[in-house]
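Values below: all heavy atoms of this structure, side chains included; hydrogens, waters and symmetry mates excluded. Here, residue 1 is the first one in the sequence, and each next residue gets the next number.
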Amino acid sequence: MTMLYLNEIEKALLAHPKKVSPDRPQAFIGGGQSKLRYIGLKAPQIRATLKNRFSFYTKSPEEITKIWDGVWHKSDCFEVLLLALAWFDDPKQSHILSSQWSKLKSWSQRIDNWVHADLLSGIYAKILEQNPSQTYKTMQVWSRSQNPWLRRLSNVSLIYYSRARKKILPVTKILALVTPQLNFEDHYVQKGVGWTLREASNIYPKEISKFIRENIFTLSPEAFSSAIKNLPRDQKERIKHLRKTRRN
């Protein structure tokens, strides 16, 4: 049955008249890093497809979530997986996310690109906000995984975007999961560190500024440039000067 729905979803995606060559994934969303098969769609086309009235939408909410879960685990298409993420990320589904944690945490195992990783992080951030006790424990485990995508998820999911959060974890809990990443040599992990520190600085500017100063030579260039982005200008300039002077 899942294959029937997969065919329906992919047919809807293929119906878009303007597509980028799937041999040039760097020209559209995804950057070409994924090993998944590409159709060649851009974000507006994905959003438009999400509005389709798929046949299975007549089923119960529980059945619909099971179908999207099956689609995620069975499809080999980048855009199909993106659509599954977009469905769960839709604000209309926010009220069911916490109850879907057992399903959604397994989605992490299929992540192989930053686009899917970041959309899934946004979903996890909502679940963490709704039920921090069950979600944070998983993030702790992922923060020390040998899988770099799990490490990135463990950080970016802590806040995602601070402006979207009604509740934020204590800064000590955030930094406890950032610290294990500082010496992990992976570009996307380090970008995730910078993202998390940047968003945390909107809520905890003094604490994050102190953490950056204490780790000023440990932070990678990718993490450092993003981490200081939202700090007050005077703090940012002092930290940049300190890093540059001591390196010289």
**OP:** Begin from the C-alpha positions of Val115 and Phe78 and carry the test side chain to side chain contact (heavy atoms under 4.5 Å, CB included) through to its verdict.
**Re:** CA-CA 10 Å; Val115 177; Phe78 180 89; 4.1 Å; yes
Original post:
With a cut-off of 6.0 Å (strictly less than), are more than 12 heavy atoms of other residues, nucleotides or ligands near NZ of Lys236?
Top reply: yes
**OP:** Using atom types as modelled and distance alone, determine if a side-chain donor or acceptor of Asn113 lies under 3.5 Å from a backbone N or O of His116.
**Re:** yes
**OP:** Look at atom CD of Glu214 and say whether more than 12 heavy atoms of other residues, nucleotides or ligands are closer to it than 6.0 Å.
**Re:** yes
**OP:** Would you mind telling me which of Asp118, Asp186, Asp112 makes a salt bridge (Lys or Arg N to Asp or Glu O under 4.0 Å) with Arg152?
**Re:** Asp118
Original post:
Just by distance, do the side chain of Gln190 and the backbone of Ala223 share a donor-acceptor pair under 3.5 Å?
Top reply: no
Subject >> Lys105 to Tyr124 six-membered ring, cation-pi geometry met (6.0 Å, 45°) >> reply: no
Subject >> ILVMFWY network linking Trp72 to Phe56, side-chain heavy atoms under 4.5 angstrom >> reply: yes
Original post:
Taking atom types as modelled and ignoring hydrogens, do the side chains of Glu63 and Ser60 form a donor-acceptor contact shorter than 3.5 angstrom?
Top reply: yes
**OP:** Mark yes or no: Arg243 above the aromatic ring of Phe224, with NZ or CZ under 6.0 Å from the six-membered ring centre and no more than 45 degrees from the axis.
**Re:** yes
Original post:
Checking Arg198 against Trp195: charged group under 6.0 Å from the ring centre and within 45 degrees of the axis?
Top reply: yes
Original post:
Would you say the side-chain atoms of Asp89 pair up with the backbone N or O of Leu85, donor to acceptor, closer than 3.5 Å?
Top reply: no
Original post:
Would Val156 and Ile212 show up in the same hydrophobic cluster when neighbours are defined by side-chain heavy atoms closer than 4.5 Å?
Top reply: no
Subject >> side chain to side chain contact (heavy atoms under 4.5 Å, CB included) assessment of Leu219 paired with Leu197 >> reply: CA-CA 11 Å; Leu219 284 165; Leu197 291 175; 4.0 Å; yes
**OP:** On the 0 to 90° scale, with breaks at 30° and 60°, tag the Tyr57-Phe54 ring pair as parallel, tilted or perpendicular.
**Re:** perpendicular
**OP:** Establish whether Met139 and Phe184 are linked, either directly or via other cluster members, by ILVMFWY side-chain heavy-atom contacts under 4.5 Å.
**Re:** no
Subject >> Side-chain heavy atoms of Ile239 within contact of Ser209, under 4.5 Å >> reply: yes
Subject >> Lys103 NZ: over 12 foreign heavy atoms closer than 6.0 Å >> reply: yes
Original post:
Can you tell me if Ser162 uses its side chain to pair, donor with acceptor, with the backbone of Ile159 under 3.5 Å?
Top reply: no
Subject >> Near-ring test Phe88/Trp68, centroid separation under 6.0 angstrom >> reply: no
**OP:** Take Glu129 and Arg165, measure what salt bridge (charged side-chain N to carboxylate O under 4.0 Å, His left out) needs, and give me the verdict at the end.
**Re:** CA-CA 8 Å; Glu129 194 171 36; Arg165 304 276 70 81; 3.5 Å; yes
Subject >> Leu158-Val189 co-clustered via ILVMFWY side chain contacts under 4.5 Å >> reply: no
Subject >> Presence of salt bridge, Lys42 and Glu79, under 4.0 angstrom >> reply: no
Subject >> Single-linkage hydrophobic cluster, 4.5 Å side-chain cutoff, Ile67 and Val80 together >> reply: yes
Original post:
Within a reach of under 6.0 Å around CZ of Arg110, are more than 12 heavy atoms found that belong to other residues, nucleotides or ligands?
Top reply: yes
